[in-house]
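These notes concern the structure reproduced below.
Keep in mind the model is a prediction, meaning the values are calculated, not measured. Starting from 1, each residue takes its place in the sequence as its number.
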Amino acid sequence: MFTAQDENGQSITVTETNRHLLKKASKFYMCHCCQEEVILKNGEIKIPHFAHKKGRKCQAASEGETSRHLNAKKLLLGWLKYQNFQVELEHYFPVIKSQADLFVENNIVIEYQCSTIPISQMFERTENYLSLGLKPYWILGQKVVMKQGKYVFSTFQLAFLLKDKQLGYFLLSFHPEEKCFELFYHIQHYVGKYFFASSMKLSTNYSLEAMQEKITGIRFKSLFVKRNRKLEREHLSYFYAKYKAKSAFLKQLYQDGYAIINLPPEIGVQLPSQFLVHTPAVEWQFKLWENFLKLLEIGDTFSKEHIAQYFQKYVMSIKMIFLPLNESHLLLAEYLLFLEKEGVLVEYILDRYKIKRQMMCKEKSYH
């Protein structure tokens, strides 16, 4: 961190300009948040900053700041100040005992997050900021990996997701080494941690207004992913047999007389919103069929609200800071639409469905 209190309670910010004067003064400095002693780190290699003594943990400073984090805060501060925004570095809010990376125009909080921390901590801090009537924004400080033409987003990185009519699912990261933001947009799930997405790098040479102008030129598009359901089922069966042979799901499946390869073809279907839940598609779709859809006869009807109660029991939604808690219900809507296209059911009035045919297991093959 760049700010601390001196012996007189005066707030001090260390900069390249005053670093040597502060070192000569040899004063006692304290953390704004926890009131513990902090040390002035004033070497020639890293950016000058204050740090807690080894072994000390500060509740408000949730991560040990790397040079990358410190540099990013410094660059973002300079970028905003150059545009005449009123910005305060590391403002401390005593009511909620939190210190924001940047406090802009007395109502906006910017948090730049490099290290992977519990998402619950981010939730708590966001709720605390909102309770003060502030607008919190989280910027990802991690690099997003690309493998075989697809992006790999971790569960932690997905917590930063936002949603827009034109951008679709998107998130914003900042690269201090390149002095630029990177916007990932039109994020669409492929399988596992793999995603398709478009990206746009925005240099800090641009003003915020110029960046917004570039972004407003983006129009929504949805990528069609062609899938081989039969091949996916074979891969799924192999994966569970090799890597999840002792899983509770597979054991229960065998006890009930089923095998993945013989399940109805409408089970284990990968849908665009599958990433919104941790629960694998084959597991929640099987449970939904076994405990709800299978029990219905041709001509029976049900409501979306009713099946949603079962869906909610069988899935574990991922945690996202800004998206609503029921965002995962989009996955159920996609599955119902898929079943309608497959002729299993029909939506005869809004949010009410009628069974047209039953989902049947494939006959077992004997060799």
**Item:** Check against salt bridge (Lys or Arg N to Asp or Glu O under 4.0 Å), Glu347 and Arg352
**Value:** CA-CA 6 Å; Glu347 186 178 18; Arg352 285 204 66 86; over 6 Å; no
**Message:** Please determine whether side-chain hydrogen bond (donor to acceptor under 3.5 Å, both in side chains) holds for the pair His235 and Glu232, giving the CA-CA distance in whole Å, both sets of side-chain angles, and the decisive distance to 0.1 Å.
**Reply:** CA-CA 5 Å; His235 286 168; Glu232 285 184 351; over 6 Å; no
**Prompt:** Are more than 12 heavy atoms from other residues, nucleotides or ligands located less than 6.0 Å from atom NZ of Lys294?
**Reply:** yes
**Path from Ile108 to Leu132 over hydrophobic side-chain contacts below 4.5 Å** = no
**Cation-aromatic face contact Lys341/Phe338, 6.0 Å, 45 degrees** = no
**Message:** Quick check on Tyr82: does its OH atom have over 12 non-hydrogen neighbours (other residues, nucleotides or ligands) under 6.0 Å away?
**Reply:** no
**Request:** Could you tell me whether Arg229 and Glu234 make a salt bridge, using a distance below 4.0 angstrom between a side-chain N and a carboxylate O?
**Result:** no
**Message:** Counting only heavy atoms from other residues, nucleotides and ligands, does the tally under 6.0 Å from CZ of Phe195 exceed 12?
**Reply:** yes
**Request:** Using only heavy-atom distances, determine whether the side chains of Gln188 and Tyr169 contain a donor-acceptor pair under 3.5 Å.
**Result:** no
**NZ (Lys221) with more than 12 external heavy atoms under 6.0 Å** = no
**Request:** Answer yes or no: is there an ion pair linking Glu327 with Lys163, defined by an N-O contact shorter than 4.0 Å?
**Result:** yes
**Asked** Taking everything shown except Lys179 itself, do over 12 heavy atoms lie less than 6.0 Å from its NZ?
**Response** no
**Asked** Got more than 12 heavy atoms from elsewhere within 6.0 Å of CD, Glu213?
**Response** no
**Prompt:** Would you call the rings of Phe93 and Tyr129 parallel, tilted or perpendicular if under 30° counts as parallel and over 60° as perpendicular?
**Reply:** perpendicular
**Prompt:** Do Leu250 and Ile260 have side-chain heavy atoms sitting under 4.5 Å apart?
**Reply:** yes
**Message:** Determine whether a donor-acceptor pair (N or O, by modelled atom type, separation under 3.5 Å) exists between the side chain of Gln270 and the backbone of Ala281.
**Reply:** no
**Message:** A quick test of your reading: do over 12 heavy atoms of other residues, nucleotides or ligands sit less than 6.0 Å from CD of Glu305?
**Reply:** no
**Request:** Report yes if the distance between the aromatic ring centroids of Tyr194 and Tyr151 is under 6.0 Å, otherwise no.
**Result:** no
**Asked** Is Gln166 reaching over with its side chain to a backbone N or O of Phe220, donor-acceptor style, under 3.5 angstrom?
**Response** yes
**Asked** Is the shortest heavy-atom distance from the side chain of Leu161 to the side chain of Phe153 under 4.5 Å?
**Response** no
**Ring centres under 6.0 angstrom apart (Tyr353, Phe302)** = yes
**Message:** Under a plain distance cut-off of 3.5 Å, with no hydrogens placed, do His91 and Gln99 share a side-chain donor-acceptor pair?
**Reply:** no
**Asked** Taking the six-membered ring for Trp, are Trp79 and Phe85 ring centroids under 6.0 Å apart?
**Response** no
**Item:** Any Gln358 side-chain heavy atom under 4.5 Å of Val344 side chain
**Value:** no
**Asked** With under 30° as parallel and over 60° as perpendicular, where do the rings of Phe181 and Phe174 fit, or are they tilted in between?
**Response** tilted
**Item:** Among Tyr314, Tyr335, Phe292, Phe249, ring-ring contact (aromatic ring centres under 6.0 Å, His included) partner for Trp284
**Value:** Tyr335
**Request:** Answer with yes or no whether the hydrophobic clustering places Leu337 together with Leu271; edges join I, L, V, M, F, W, Y residues whose side-chain heavy atoms lie under 4.5 Å apart.
**Result:** no
**Prompt:** Under a 4.0 Å N-O cut-off, is there an ion pair linking Glu177 with Arg68?
**Reply:** yes
